[in-house]
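Worksheet: one structure, shown below.
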Amino acid sequence: MRRRTESGDCCEAPSAVSSSIDNPHKVYEKAETFWSRCSQDEDGMLGGLAMLHGPDVQGSTNFLNALKKNGIMTKTLAALDCGAGIGRVTKNVLMPLFDSVDLVDLIEELVATSAAYIGTDDGIGEKFVEGLQTFEPPERKYDVIWIQWVSGQLTDQDLTSFLQRCIKGLAPDGTIVVKESVSQGGKTVYHESDGCWTRPEASLLQIAKDAGLQLAHKAVQTGFPKGLFSVKMIAFKPVHPVEEDDD
Ligand SMILES: C[S@@+](CC[C@H](N)C(=O)[O-])C[C@H]1O[C@@H](n2cnc3c(N)ncnc32)[C@H](O)[C@@H]1O
């Protein structure tokens, strides 16, 4: 997660490395090792900055309410939390709004911990353990697919394909939300410790466009300490909308 400061964290010097690489397996293995060892709590999900939790939840809730008010998010039956970890976003942002929330994460232990963290099965649908680079969401199911602090774990190519599969997972009039840290100065920054990239916003928007998405609404997260990467919440709709069933 891009909890780090713009100038790098205490353990590593981030480097400008392309997120378009031929053999991503080593990077994905690195991520798996990192996330299987992280603490299974809010602090672990937020890279040691548990104080981000409150403003993050408020910012996301405000964003979803704005999507509702603007007529962008029209239904709240089902949501999918991607890179859900222990279910921090599921519990605090999505469950209060959606009838049912599914979770997907690479790390089985984190998904298992979500039961205790969330504390109820009521409103929880399916839990998938799989990397987003291969995960295929169930088709035509979700009113919102929420992708927070995990898009940087995928290469450009895998993120593009994943977003294309997400489009197929949307219910008619569904929305994809990407909440992500973004770099300044047009350079993608690679983080060695957890094998992830912080992209400039323009790259994220280009990848979404390549996948067949168009911008519907955008906001910047406020209330975070100074010095962190800026965090954007971006809602996308498919360029070719998912059609309603005939029946
Ligand atoms: C920074 S945490 C964010 C967790 C959650 N989105 C939140 O905001 O609380 C990143 C999460 O992404 C998961 N993750 C990392 N790489 C992944 C991948 N390739 N596919 C699916 N999940 C991945 C990690 O296991 C971890 O739970």
Side-chain angles (χ1 to χ4, degrees), residues 1-4 9 19 21 24-61 63-64 79-95 101-115 117-118 126-137 144-163 165-166 169 176-182 190-199 221 224 228-229 231-233:
M1 177 250 183
R2 280 45 46 197
R3 63 237 171 245
R4 306 173 182 85
D9 66 12
S19 42
I21 55 172
H25 295 294
K26 283 218 153 49
V27 177
Y28 289 153
E29 273 170 23
K30 192 172 285 211
E32 186 157 2
T33 303
F34 179 90
W35 289 109
S36 61
R37 291 177 184 164
C38 77
S39 62
Q40 299 183 359
D41 50 21
E42 289 171 1
D43 198 53
M45 295 296 95
L46 295 167
L49 294 178
M51 84 284 262
L52 302 184
H53 175 69
D56 169 62
V57 167
Q58 193 58 57
S60 299
T61 304
F63 188 72
L64 281 172
L80 172 66
D81 183 2
C82 299
I86 61 167
R88 192 186 66 83
V89 173
T90 292
K91 174 177 178 169
N92 300 289
V93 177
L94 300 174
M95 285 176 75
V101 184
D102 292 355
L103 293 79
V104 54
D105 198 278
L106 176 68
I107 307 296
E108 190 164 12
E109 292 80 0
L110 294 176
V111 175
T113 299
S114 70
Y117 174 75
I118 293 169
E126 293 187 85
K127 293 181 179 179
F128 305 98
V129 176
E130 190 170 343
L132 301 182
Q133 59 273 25
T134 55
F135 178 65
E136 293 191 21
V144 165
I145 297 182
W146 189 274
I147 305 165
Q148 178 164 356
W149 281 324
V150 69
S151 71
Q153 303 279 172
L154 302 190
T155 63
D156 288 354
Q157 203 181 357
D158 283 345
L159 181 56
T160 308
S161 320
F162 173 60
L163 290 174
R165 296 193 297 278
C166 283
I176 294 173
V177 177
V178 178
K179 182 164 186 175
E180 194 52 85
S181 303
V182 294
Y190 179 65
H191 305 277
E192 189 68 38
S193 60
D194 57 349
C196 78
W197 293 271
T198 303
R199 300 178 167 93
Q221 172 69 46
F224 278 3
L228 297 179
F229 284 114
V231 174
K232 298 287 170 75
M233 293 169 275

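All ligand and atom numbering here is 1-based and tracks the order in the structure.
Near Ile107, meaning under 4.0 Å from any of its heavy atoms, are these atoms of ligand 1: 25 (O). Atom numbering of ligand 1 starts at 1 in the shown order; those under 4.0 Å from a heavy atom of Leu110 are 25 (O), 27 (O). Taking every non-hydrogen atom of Leu154 and a distance limit under 4.0 Å, the qualifying atoms of ligand 1 come out as 19 (N). Against a heavy-atom cut-off of under 4.0 Å, Glu130 is close to the following atoms of ligand 1: 21 (C). Close approach of ligand 1 to Gly85 (heavy-atom distance below 4.0 Å) involves ligand atoms 27 (O). Interface atoms of ligand 1 facing Val89, defined by a heavy-atom separation under 4.0 Å, are 7 (C), 8 (O).
The parts of Leu132 lying near ligand 1 are both backbone and side chain, judged by heavy-atom distances below 4.0 Å. At a heavy-atom cutoff of 4.0 Å, ligand 1 is contacted by both the backbone and the side chain of Met45. Using a 4.0 Å cut-off between heavy atoms, Gln133 contacts ligand 1 through its side chain alone, with no backbone atom that close. When heavy-atom distances to ligand 1 are checked against a 4.0 Å cut-off, Trp35 comes that close only through its side chain, counted from C-beta outward. Contact annotation for Asp81 and ligand 1: no heavy atom of the residue comes within less than 4.0 Å of the ligand. Residue-level proximity to ligand 1 for Gln148 is carried by backbone and side chain together, each with a heavy atom below 4.0 angstrom.
Distances shorter than 4.0 angstrom do not occur between any heavy atom of Lys179 and any atom of ligand 1. Residue Asp56 places no heavy atom under 4.0 Å from ligand 1.
Around the CD atom of Glu108, the shell of radius 6.0 Å holds no more than 12 heavy atoms that belong to other residues, nucleotides or ligands.
Counting all heavy atoms, side chain and backbone alike, Lys30 lies closest to Tyr190 at CD-OH, 4.0 Å.
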field: side chain to side chain contact (heavy atoms under 4.5 Å, CB included) assessment of Ser114 paired with Leu103
entry: CA-CA 9 Å; Ser114 70; Leu103 293 79; 4.1 Å; yes
message: Between Val150 and Asp105, does the side chain to side chain contact (heavy atoms under 4.5 Å, CB included) criterion hold? Intermediate values first, please.
response: CA-CA 9 Å; Val150 69; Asp105 198 278; 6.0 Å; no
Evaluation steps, side chain to side chain contact (heavy atoms under 4.5 Å, CB included), between Tyr28 and Asp158: CA-CA 11 Å; Tyr28 289 153; Asp158 283 345; 2.6 Å; yes
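For Asn92 (side chain) and Val57 (main-chain N/O), no donor-acceptor pair under 3.5 Å exists by modelled atom type. Between the Gln153 side chain and the Asp194 main chain, a donor and an acceptor come within less than 3.5 Å of each other. Of the possible polar contacts, none joining the Arg88 side chain to the Asp41 backbone as a donor-acceptor pair under 3.5 Å is found.
Classification of the Phe128-Phe135 ring pair by plane angle, with boundaries at 30° and 60°, yields tilted.
The option from Lys30, Arg88, Lys91 that lies nearest to atom 8 (O) of ligand 1, judged by heavy atoms, is Arg88. For atom 22 (N) of ligand 1, the choice among Val129, Asp158, Leu106 with the nearest heavy atom turns out to be Leu106.
For ligand 1, none of its N or O atoms has an N or O atom of Val150 under 3.5 Å away. At least one N or O atom of Asp105, backbone or side chain, sits closer than 3.5 Å to an N or O atom of ligand 1.
Residues meeting the side chain to side chain contact (heavy atoms under 4.5 Å, CB included) test with Gln221, sequence neighbours left out: Pro55, Asp56, Lys179, Phe224, Val231, Met233. Qualifying side chain to side chain contact (heavy atoms under 4.5 Å, CB included) partners for Lys232, counting only residues two or more places apart in sequence or in other chains: Val182, Glu201, Val220, Ser230, Ile234.
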